[in-house]
Amino acid sequence: MDIKDNVLDAVGNTPLVRLNKVVPEGAATILAKCEYMNPTGSIKDRMAAYIIEQAEKEGLLKPGGTIVENTSGNTGQSLAMVAAVKGYRCIFTMPDKMSQEKIDMLKSYGAAVIVTRTDLLHDHPDSYVEVAKRIARDTPNAFYTDQYYNMSNPEAHYLTTGPEIWQDTAGSLDCLVGGIGTGGTISGAGKYLKEKDPDVKIVGADPVGSILKEYFYTSKMGEARPYKVEGVGEDIIPGTTHFEYIDEIIEVSDKESFNVARRISREDGILIGGSGGLAAAAALKVAKDLSADKIVVVLFPDGGVKYLTTFYSDNWMRENRFLDLETVSLDKALATKPGNTPAVVSVAPGATVREAIGLMKERDISQIPVLEDGRSVGRLEEGEIMGQVISDNALLDTRVRDVMQESLPVISSQKNIGEARNYLAKQYSAVLVEEKGAIIGIITKSDLLEFIVS
Ligand code: PMP
């Protein structure tokens, strides 16, 4: 029998999974450390379990005590899990940019959540950090976990994340890439890996708007600007970020983070969170500069289910001007066409040219696919056929099959708009969209333009 005594025994030992389709040919191998497979769905389970264990050992947390923390969500969930198993109370503060799902999740574990303003700096009295500290001071028998300054945070990763990566790659990795929030993960795992092999490169990924990258290279405290990716980047320098184990920090925009996350979900089947997208974007840059025999490990701190109403929503992406056409599938693009547009107006190869021209005029379309048994066998283009008819009227009564041009390109509905764009930017006036062997729609140049401008 292989039974865990409680859910805390299921923390860690997450799998390392090769990324396939998103990694270009000739680039280094990228292996994803799938931390979303921890019990609460994030890497923070490791830190939470270890911090509470240490606090108990040091007598800082006693039976019946209350755990207090400022958290972007994942830490809260992990602490709430530990608290539930061990019988503690939990109070969390959380900035209001976090998704509603994250807040609801904490409440589901029985925790109390206090939402604070996102736009306040860490040291403002009403920031989520200062409010948490105040609650910890005012609550009897409270323990403030203090993830930004508690050294048990990086230590948890020194003891677990680092060794697992070393073992699972049999010591053959060349580089570790991860986002920096508290910096606990990359500092702890980085320290372990560098002790094993000083040549392992540790690369941090930092959102545009965070101050960590500038601080790392210049020691200057810049000014933070708002960004949307959650759980990473800072407006302070966390005590748990140990820059001596970091070799490089790569800056990644919200747009790139979200689009890379969406691609990894769609193409490699791993539904990751935004900070995983951020880290993967940085890992892709690193891997492209390394030879194919090198190994890059990237951290995927959490999963995508918490972000279905944010960056996995096309509408949210469009509203925030993050949508990268390359990542929108053709079936979704078809769904945005006005409701009264017929899926495809087509003619049969046996119809006359007169009938085909009549249909094109009636429907005000400038190209028409020729379909036989649901398959595309050719097309007529208004300009081309008109020219021919003007010079030879007799053509009006010939069959479409005798005058038609080659078929419009046929693309699977699961392919992205980027693929359609490649055809439409060149000689084709439209592409046909196919699903399970049948043509289900058409995307013309003007449909694509409409999609882009809306
Ligand atoms: N991604 C997400 C979603 C997180 O919640 C966190 C933790 N804040 C991180 C990445 C960064 O991990 P760390 O704090 O160990 O740097």
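Keep in mind the model is a prediction, meaning the values are calculated, not measured. Start at 1 and go down the list; that is how both ligands and their atoms are numbered. FYI, the numbering just counts along the sequence from 1.
Classification of Lys194 and Asp247 as a salt-bridged pair holds, one side-chain N sitting under 4.0 Å from a carboxylate O. Between Glu130 and Arg134 no salt bridge is recorded (no basic side-chain N to carboxylate O distance below 4.0 Å). Checked for salt-bridge contact, Asp314 and Arg262 meet the test: a charged N lies under 4.0 Å from a carboxylate O. Salt-bridge formation is detected for the pair Lys86/Glu56: a Lys NZ or Arg NE/NH1/NH2 atom is positioned less than 4.0 Å from an Asp or Glu carboxylate oxygen.
Glu234 meets the side chain to side chain contact (heavy atoms under 4.5 Å, CB included) test with His122, Tyr148, Leu212, Ile236, Pro238; sequence neighbours excluded.
Taking the six-membered ring wherever Trp is involved, the centroid distance between the rings of Tyr192 and Tyr158 falls below 6.0 Å. Between Phe322 and Phe258, the distance from one ring center to the other falls under 6.0 angstrom.
Residue Glu230 has at least one heavy-atom neighbour below 4.0 Å for each of these atoms of ligand 1: 3 (C). Near Pro301, with a cut-off below 4.0 Å to any heavy atom, the atoms of ligand 1 are 1 (N), 2 (C), 10 (C). Residue Asp302 has at least one heavy-atom neighbour below 4.0 Å for each of these atoms of ligand 1: 3 (C). For ligand 1, the atoms lying closer than 4.0 Å to a non-hydrogen atom of Ile180 are 16 (O). With ligand atoms numbered from 1 in the order given, ligand 1 contributes 1 (N), 2 (C), 3 (C), 10 (C) to contacts under 4.0 Å with heavy atoms of Ser275.
When the heavy atoms of Thr182, Ile272, Thr71 are ranked by distance to atom 13 (P) of ligand 1, first place goes to Thr182. Here the shortest heavy-atom distance to atom 9 (C) of ligand 1, taken over Gly181, Ala156, Ala189, Gly231, belongs to Gly231.
Using 4.0 Å as the threshold, Val232 has a heavy atom nearer than that to some atom of ligand 1.
Considering backbone and side-chain N/O atoms, His157 never comes within less than 3.5 Å of an N/O atom of ligand 1. Residue Thr185 has at least one nitrogen or oxygen atom sitting less than 3.5 Å from a nitrogen or oxygen atom of ligand 1, judged on distance alone. The shortest N or O to N or O distance between Lys44 and ligand 1 is below 3.5 Å. When only interatomic distances are considered, the shortest N/O to N/O separation between Asn74 and ligand 1 falls below 3.5 Å. Residue Gly183 has at least one N or O atom closer than 3.5 Å to an N or O atom of ligand 1.
A side chain to side chain contact (heavy atoms under 4.5 Å, CB included) with Leu334 is found for one member of Ile440, Asp447, Ile442 and no other, namely Ile440.
Within a 6.0 Å sphere centred on NZ of Lys445, heavy atoms belonging to other residues, nucleotides or ligands number more than 12.
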